[in-house]
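Notes follow once the structure below has been shown.
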Amino acid sequence: MEGSSVAGSERPRPGPEAAPAAVPGILHLDMDAFFAAVEQAAKPSLRGKPVVVGGLGPRGVVATASYEARRFGVHSAMAMAQARRLCPNAAFLSGRFHAYRQVSEVVMRTLRELSPLVEPVSLDEAFVDLRAGVHGAALAEAAERGERAVVAMVEALAEDLRADIRARTGLTASVGVAGTKLLAKLASERAKPDGLVVFPPGRDREVLAPLPVRALWGVGPATAEHLRRAGLKTVGDVAEQPEGVLVRLLGQAHGHGLHALARGEDARQVVAERDAKSISVEDTFDTDLVDRQRLRAELERLARRCVARLREAGRSGRTIVVKVRRHDFATLTRSDTLPAPTDDVRVVTEVARRLLEAVDTSGGVRLLGVGISGLADFTQEDLFVALGGPEDGAAPAADGTGGWAGEPGTAGARADVDGAGGDGAVGGVGPVGASPATGAAVAPWRPGQDVHHPEYGPGWVQGSGVGRVTVRFERPDSPPGRVRTFAVDDPDLTPADPLPLVPPAG
DNA sequence: TCTGGGGTCCTAGGACCC
DNA sequence: TCTGGGGTCCTAGGACCC
């Protein structure tokens with residue numbers, strides 16, 4: 001096996017034999033069971049135990065399950081209720097996005113040491129274009145010496161990266177490297193957990209052919225079903241189809257795109273920064289909302305949250321979108337486009353209210369959302385300044401708490417409990433509901449939440465109910481800690497910031 | 001045992017203008 | 001006057017991704 005297929009520099013010749021990238025220059029990194037892994041690193045008593053992170057309300061779904069929990073069949077996007085049945089002894093935690101973001105920043109920073117061309121896909125995932133980085137030239141040189149040389153070099157580089165991430169975060173990452181984004185992502189998937197896979201360029205079709213169509217980026221349940229009905233089950237099946245067949249089956253863009261992807265042709269570049277095109281917030285309620293008054297109140301809260309995020313980002317937008325999911329899960333949107341962008345809560349709220357009025361909500365509303373798109377790069381303040389006008393006195397500074405799971409406004413008891421071992425766990429129900437209508441929320445302690453106690457130090461909420469909250473006192477670098485129970489309103493118990501998983505160096 | 005939240009991109013149809 | 005076509009903007013919905 002000579003480097004014959006590797007050597008050819010790319011030619012602008014189209015057709016089935018498009019030149020493969022000579023260098024496996026795209027790296028995809030994916031943190032293993034990220035949210036759950038952060039929790040296990042932060043909470044020594046959970047290591048080696050099943051951990052499930054996600055929404056804990058009656059309509060919650062799993063965001064991430066630790067590998068221990070996956071063995072019971074728990075996986076992301078599963079209804080939380082089902083996860084509890086499958087794995088009742090798991091620790092069920094609501095997300096601590098603050099902590100995840102902190103760890104994510106360390107990971108992304110580490111990637112940027114390899115190359116400035118880093119494209120974060122989510123908190124736990126990113127592409128890196130190695131050719132644009134410090135090793136770019138050496139990589140090209142190695143490629144000229146042949147496939148073995150580049151692969152060896154890429155492997156060394158990627159293992160160093162994984163070791164760095166482990167040292168800095170205490171967490172494991174899986175890495176895939178290949179000539180295209182598609183193959184790099186498939187490689188990292190194959191590497192899971194805690195592994196590395198390099199697909200040398202030129203082998204793309206070979207790697208792809210046996211995979212199920214679902215492996216292709218952009219093929220979900222609907223497309224897979226379309227393809228299946230046409231008798232196409234594997235990527236190889238799709239690759240053999242003439243483009244016209246796929247276009248007729250799936251439409252212009254999708255058909256064309258899939259035709260290329262199935263053949264390993266993926267020209268998507270790694271893009272370091274892209275501006276957001278829309279900002280939205282939404283809440284699913286524990287029970288369907290019927291009361292118009294209540295719906296309006298929730299809508300206004302959402303509008304404030306949405307605008308707060310818009311302003312945080314220093315943007316404004318022209319199109320206001322209201323999203324309604326009805327009791328039967330039917331989802332509809334109503335939008336209105338203003339003549340000019342705004343970041344004024346009053347405007348957004350007013351438009352949203354009008355849009356909601358036009359929707360029949362009599363059957364009950366499961367979810368309500370407010371979004372803004374058609375984003376522009378200036379804020380109302382800029383406009384005032386530009387016009388020499390007064391300071392914007394109206395800025396309603398909607399509090400940008402920005403969290404996820406918390407939504408203290410939604411109805412119902414947010415009870416939750418259970419630690420992994422079940423030893424000190426308090427079975428519990430219904431802490432203090434919030435009073436959403438009045439907005440006077442008594443923040444219930446959320447499972448997983450960081451707390452501090454003057455005597456016992458840092459700890460985390462294991463569960464709460466019947467006026468009590470159980471806390472396990474431990475920290476990332478301590479042995480598993482002990483559980484103590486307090487009254488929910490114990491003044492000594494205060495919310496705390498997440499501790500770093502790895503003590504800061506130096 | 002019903003199905004989160006935050007995004008992106010595409011399609012189709014209608015309005016409107018040239 | 002009639003007919004046709006293209007381009008752009010907007011709305012609504014759907015598929016998909018993490």
Side-chain angles (χ1 to χ4, degrees), chain A residues 28 30-31 33-35 53-64 73-86 94-95 97 100 104 119-127 181-182 185 188-189 213-227 247 250-258 261 268 271 274-286 288 302 305-306 309 313 318-339 355 358-359 366-375 402-407 410:
Chain A
H28 181 257
D30 200 329
M31 301 295 290
F34 185 54
F35 298 167
V53 179
L56 299 180
R59 287 170 168 175
V61 299
V62 175
T64 313
V74 180
H75 58 79
S76 43
M78 170 182 280
M80 192 58 83
Q82 185 182 7
R84 286 181 191 277
R85 270 189 306 280
L86 288 173
S94 85
F97 278 73
Y100 308 153
S104 180
E119 178 179 334
V121 177
S122 62
L123 287 181
D124 72 322
E125 214 187 306
F127 287 102
K181 279 182 161 182
L182 174 68
K185 180 149 169 70
S188 74
E189 232 157 74
V213 292
R214 281 300 306 264
L216 291 178
W217 206 91
V219 178
T223 307
E225 178 57 19
H226 265 122
L227 294 171
V247 168
L250 306 171
Q252 181 56 49
H254 209 180
H256 175 77
L258 230 52
L261 276 192
R268 289 174 300 166
V271 181
R274 39 168 64 108
D275 277 350
K277 303 198 161 151
S278 67
I279 289 176
S280 66
V281 298
E282 62 188 55
D283 271 347
T284 292
F285 307 107
D286 287 355
D288 295 349
L302 289 162
R305 263 164 61 193
C306 191
R309 289 197 28 216
R318 279 184 66 206
T319 303
I320 320 296
V321 187
V322 166
K323 176 172 169 182
V324 177
R325 176 120 74 211
R326 291 204 252 244
H327 65 288
D328 62 354
F329 218 73
T331 306
L332 45 87
T333 61
R334 291 293 176 268
S335 66
D336 193 9
T337 298
L338 308 172
L355 290 168
V359 176
R366 177 190 180 93
L367 168 149
L368 210 51
V370 173
I372 302 177
S373 59
L375 299 189
W404 172 52
E407 7 120 15
T410 51

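What you see is a predicted model, and the numbers here were worked out from it, not measured in a lab. Labels below follow one simple rule: chain letters A, B, ... track the order of the sequence lines, proteins then strands, and each chain is numbered from 1.
- Listed for the A/Arg214 side chain is a donor-acceptor partner under 3.5 Å among the backbone atoms of A/Val219.
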Self-check item: Pairing string, 5' to 3', for DNA chain C - Watson-Crick or wobble contacts under 3.5 Å, brackets [ ] where pairs cross, | to another strand
Solution: ....||||||||||||||
Exercise. Going 5' to 3' through nucleotides 11-18 of chain C, assign each nucleotide B (protein heavy atom under 4.0 Å from a base atom), S (under 4.0 Å only from sugar-phosphate atoms) or - (no protein heavy atom that close).
Key: SSS-SSSS
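- Closest to the A/Val61 side chain, of the nucleotides B/dT3, B/dC9, B/dC10, is B/dT3.
- A straight line from NE2 of A/His75 to P of B/dC2 spans 16 Å, rounded to a whole angstrom.
- Between A/Arg366 and B/dC2 there is no side-chain N or O to OP1 or OP2 distance below 4.0 Å.
- Side chain of A/Glu119 to main chain of A/Val271: a donor-acceptor pair is present (N/O by atom type, distance under 3.5 Å, no hydrogens or angles).
- Between A/Met80 and A/Arg84, some side-chain heavy-atom pair lies under the 4.5 Å cut-off.
- Annotated as syn: B/dC2, whose glycosidic dihedral is within 90° of 0.
- The shortest distance between the side-chain N/O atoms of A/Arg84 and the OP1/OP2 oxygens of B/dT1 is not below 4.0 Å.
- Taking atom NZ of A/Lys277 as the reference point, atom P of B/dG6 lies 20 Å away to the nearest angstrom.
- A donor-acceptor contact shorter than 3.5 Å links the side chain of A/Ser104 to the backbone of A/Leu123.
- Atom OG1 of A/Thr331 and atom CD of A/Glu282 lie 9.0 Å apart (nearest 0.5 Å).
- As a whole-Å value, the separation of A/Met80 CE from B/dG5 P is 12 Å.
- Atom CG of A/Leu258 is separated from atom P of B/dC10 by 13 Å (rounded to the nearest Å).
- The existence of a salt bridge linking A/Asp288 and A/Arg59 is confirmed by a sub-4.0 Å separation between a basic side-chain nitrogen and an acidic carboxylate oxygen.
- Of the listed residues (A/Val370, A/Asp283, A/Ile279), just one forms a side chain to side chain contact (heavy atoms under 4.5 Å, CB included) with A/Arg305, and that residue is A/Asp283.
- Here the nucleotide nearest the side chain of A/Asp283, chosen from B/dT3, B/dG6, B/dG5, is B/dG5.
- For B/dC2, the base is not stacked against the aromatic ring of A/Phe329, per a cut-off of 5.5 Å between centres and 30° between planes.
- Nearer to the 5' terminus of DNA chain B, by closest-nucleotide assignment, is the contact made by A/Gly60 (compared with the other of A/Gly60 and A/Arg274).
- In this structure, the ring-ring contact (aromatic ring centres under 6.0 Å, His included) partners of A/Phe35, at least two apart in sequence or on a different chain, are A/Phe97, A/Tyr100.
- No hydrogens or angles considered: a donor-acceptor pair under 3.5 Å links the side chains of A/Thr337 and A/Thr319.
- In this structure, A/Lys181 places its NZ atom 14 Å from P of B/dT8, rounding to the nearest Å.
- Comparing A/Gly251 and A/Glu282 along DNA chain B, the residue whose closest nucleotide (by nearest heavy atom) sits nearer the 5' end is A/Glu282.
- With rounding to whole Å, A/Tyr100 atom OH is found 14 Å from B/dG5 atom C1'.
- The closest donor-acceptor contact from the side chain of A/Ser122 to the backbone of A/Pro120 lies at 3.5 Å or more, if one exists at all.
- In this entry the distance linking CZ of A/Phe35 with P of B/dG6 reads 13 Å, nearest Å.
- Atom C1' of B/dT3 sits at a distance of 16 Å from the matching atom of C/dC16, rounded to the whole Å.
- The NE2 atom of A/His327 sits 15 Å away from the P atom of B/dC2 (whole-angstrom rounding).
- Counting non-hydrogen atoms under 4.0 angstrom, A/Ala81 reaches nothing in the nucleic acid.
- Backbone-only engagement by A/Val281 is indicated by non-hydrogen atom pairs under 4.0 Å involving sugar-phosphate atoms exclusively.
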